[in-house]
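What follows is a single structure, written as structure tokens, with notes after it.
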Amino acid sequence: MSIVTRALSGPTVAGSRSMSTVGTGGRSSFSGIVATIFGSSGFAARYVVSKLGRIGSQVVTPYRGEDTDVRHLRTMGDLGQIVPLHFDARDQASVEECMKRSNLVINLIGRPTATSNWSLTETHVEVAQTIAKAANAVGVDRLIHVSSLSASSDAPDEWSRAKFKGEQAVRAEFPEAVVLRPAPLVGHEDIFTNRIADRIKMAPIAPLWDGGEAKVQPMLVTDFSEAVLRCASDFTTDGRTFDLAGPKVYTMEQMVDLIMQAGALQATKVPAPASLVAKAVSIVENTPYMPINSTEVQLQARDIIMKAKGGNEPIQALGFEPENIEEKLYEFLRRLRPGGHFTEVDQKFNR
């Protein structure tokens with residue numbers, strides 16, 4: 001019997017709405033949740049796996065490349081409870097194998113650019129549909145699908161349109177799925193504030209796409225992972241859609257100012273036409289270590305905020321208030337300041 005087979009031969013609860021628990025609730029307990037998390041090699045996944053692991057959940061972390069992509073997750077749960085498993089996203093049987101002993105599936109796949117092997121439609125529509133179809137086929141109790149607050153049928157960028165179509169495909173295959181639509185996530189490893197800061201660090205220029213007037217409502221990745229955990233633990237969220245965002249709206253120019261302040265960066269802000277830059281960047285965006293891609297340019301040139309009226313349920317419907325990113329941003333970008341992590345923490349950014 002292989003290591004993976006042995007690890008997956010624990011409590012089998014798929015097909016049962018009853019999730020029995022064992023222990024006092026820590027990582028050495030059993031929460032009753034056996035989760036499969038697709039997209040587990042990504043930034044947000046490590047926070048979700050950590051949340052589930054610390055309450056004693058079993059977590060299967062499928063990966064497409066090397067097991068080193070998800071190896072760091074194994075310490076986030078008790079011994080043998082975080083299980084990496086290789087799979088082929090184009091093969092439904094392989095996808096089903098990853099979830100056949102799970103009672104919860106979470107789809108966190110969110111790559112922002114197409115590659116030579118995967119188009120955005122394949123990644124965010126077809127794979128999402130395959131996961132939902134497989135979850136339905138093997139009798140998984142619950143599915144949490146993570147989309148984006150920018151998702152829209154008429155969005156100017158292909159990524160957001162694909163995310164919207166992905167939501168529809170998942171609903172068609174698994175109507176009771178929970179859909180989470182987060183705003184840009186902020187954290188130590190995020191691809192929002194860190195990429196802006198790194199570009200400014202490389203050259204003393206801070207481009208403002210279309211003048212930096214677009215509005216954004218970013219949220220902490222820790223708040224996002226808390227929202228996922230609450231949905232995972234609450235059956236009443238089934239079939240609902242939540243728009244997740246932070247408590248404060250910024251213009252992109254204000255975000256650039258905050259980032260420069262937090263990282264003690266100096267740069268000249270220069271307005272730049274988003275459409276032209278996006279077209280130029282799209283030609284070379286898959287070059288290794290390319291610090292910019294067309295999707296992020298287009299996203300940062302349009303409003304990504306909660307609707308005042310007529311939107312989906314807000315994060316507060318899950319029973320908690322999100323934190324302000326400004327209270328954490330210094331710590332996230334402290335590495336860029338003179339002295340790096342040896343500098344004194346000052347939340348007001350005045351050092």
Side-chain angles (χ1 to χ4, degrees), residues 42-44 47-48 108 110 112 144-157 159-161 163-164 167 178-197 206-228 230-231 240-263 269 274 295-333 347 349:
F43 153 60
Y47 293 88
V48 176
L108 286 170
I144 298 175
H145 176 74
V146 178
S147 181
S148 170
L149 190 58
S150 69
S152 172
S153 60
D154 58 354
D157 62 288
W159 185 81
S160 296
R161 294 194 300 272
K163 276 295 189 181
F164 178 79
E167 291 180 20
V178 182
V179 175
L180 301 181
R181 307 173 83 245
L185 301 178
V186 176
H188 279 288
E189 313 90 346
D190 75 61
I191 58 173
F192 178 49
T193 62
N194 277 290
R195 285 172 69 88
I196 292 174
L208 301 175
W209 315 125
D210 291 344
E213 297 178 355
K215 297 177 182 177
V216 66
Q217 198 170 350
M219 71 180 301
L220 293 174
V221 68
T222 48
D223 285 333
F224 168 74
S225 62
E226 178 64 22
V228 173
R230 293 192 180 215
C231 289
R240 296 159 67 183
T241 300
F242 297 89
D243 286 346
L244 310 179
K248 191 172 180 179
V249 175
Y250 305 87
T251 65
M252 278 306 302
E253 182 174 13
Q254 290 172 330
M255 277 303 308
V256 168
D257 288 339
L258 277 174
I259 290 167
M260 289 197 295
Q261 203 172 11
K269 293 184 290 185
T295 296
E296 65 181 310
V297 173
Q298 292 171 309
L299 289 176
Q300 291 169 18
R302 56 173 289 215
D303 293 349
I304 306 178
I305 59 177
M306 297 279 291
K307 292 182 179 179
K309 293 182 179 179
N312 299 302
E313 295 183 74
I315 193 172
Q316 289 80 3
L318 294 172
F320 73 103
E321 290 288 338
E323 293 185 69
N324 194 320
I325 66 164
E326 293 178 36
E327 299 175 5
K328 302 286 187 178
L329 195 57
Y330 180 102
E331 187 62 33
F332 299 154
L333 299 178
Q347 299 294 351
F349 308 150

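For D257, the side chain to side chain donor-acceptor pair (under 3.5 Å) criterion is met by K269, not counting sequence neighbours. Remark: S150 engages S148, S160 in a side chain to side chain donor-acceptor pair (under 3.5 Å) (not counting sequence neighbours). With sequence neighbours excluded, the residues satisfying side-chain contact (heavy atoms from CB on, under 4.5 Å) with P156 are R302. Taking the ring-ring contact (aromatic ring centres under 6.0 Å, His included) definition, one finds that F224 meets it with nothing, sequence neighbours left out. Taking the side-chain contact (heavy atoms from CB on, under 4.5 Å) definition, one finds that P184 meets it with F192, V216, I304, sequence neighbours left out. Under the rule for a salt bridge (charged side-chain N to carboxylate O under 4.0 Å, His left out), the partners of E296 that lie at least two apart in sequence or sit in another chain are R195, R199. Legend: residues meeting side-chain contact (heavy atoms from CB on, under 4.5 Å) with A301, ordered by chain and number and at least two apart, are W209, D210, A274. Taking the ring-ring contact (aromatic ring centres under 6.0 Å, His included) definition, one finds that F164 meets it with nothing, sequence neighbours left out. By the side chain to side chain donor-acceptor pair (under 3.5 Å) test, R240 pairs with E313, sequence neighbours left out. When the side-chain contact (heavy atoms from CB on, under 4.5 Å) test is applied to A197, the partners found at least two apart in sequence or on another chain are I259, L265, L333, L336. Evaluation of the side chain to side chain donor-acceptor pair (under 3.5 Å) rule for T295 yields no partner, not counting sequence neighbours.
Legend: salt bridge (Lys or Arg N to Asp or Glu O under 4.0 Å) pairs involving residues 211-226, not counting sequence neighbours, sorted by first then second residue: K51-E226, E226-R230.
A donor-acceptor pair is defined here as one N or O able to donate and one able to accept, closer than 3.5 Å; no such pair exists between the side chain of Q217 and the backbone of V249.
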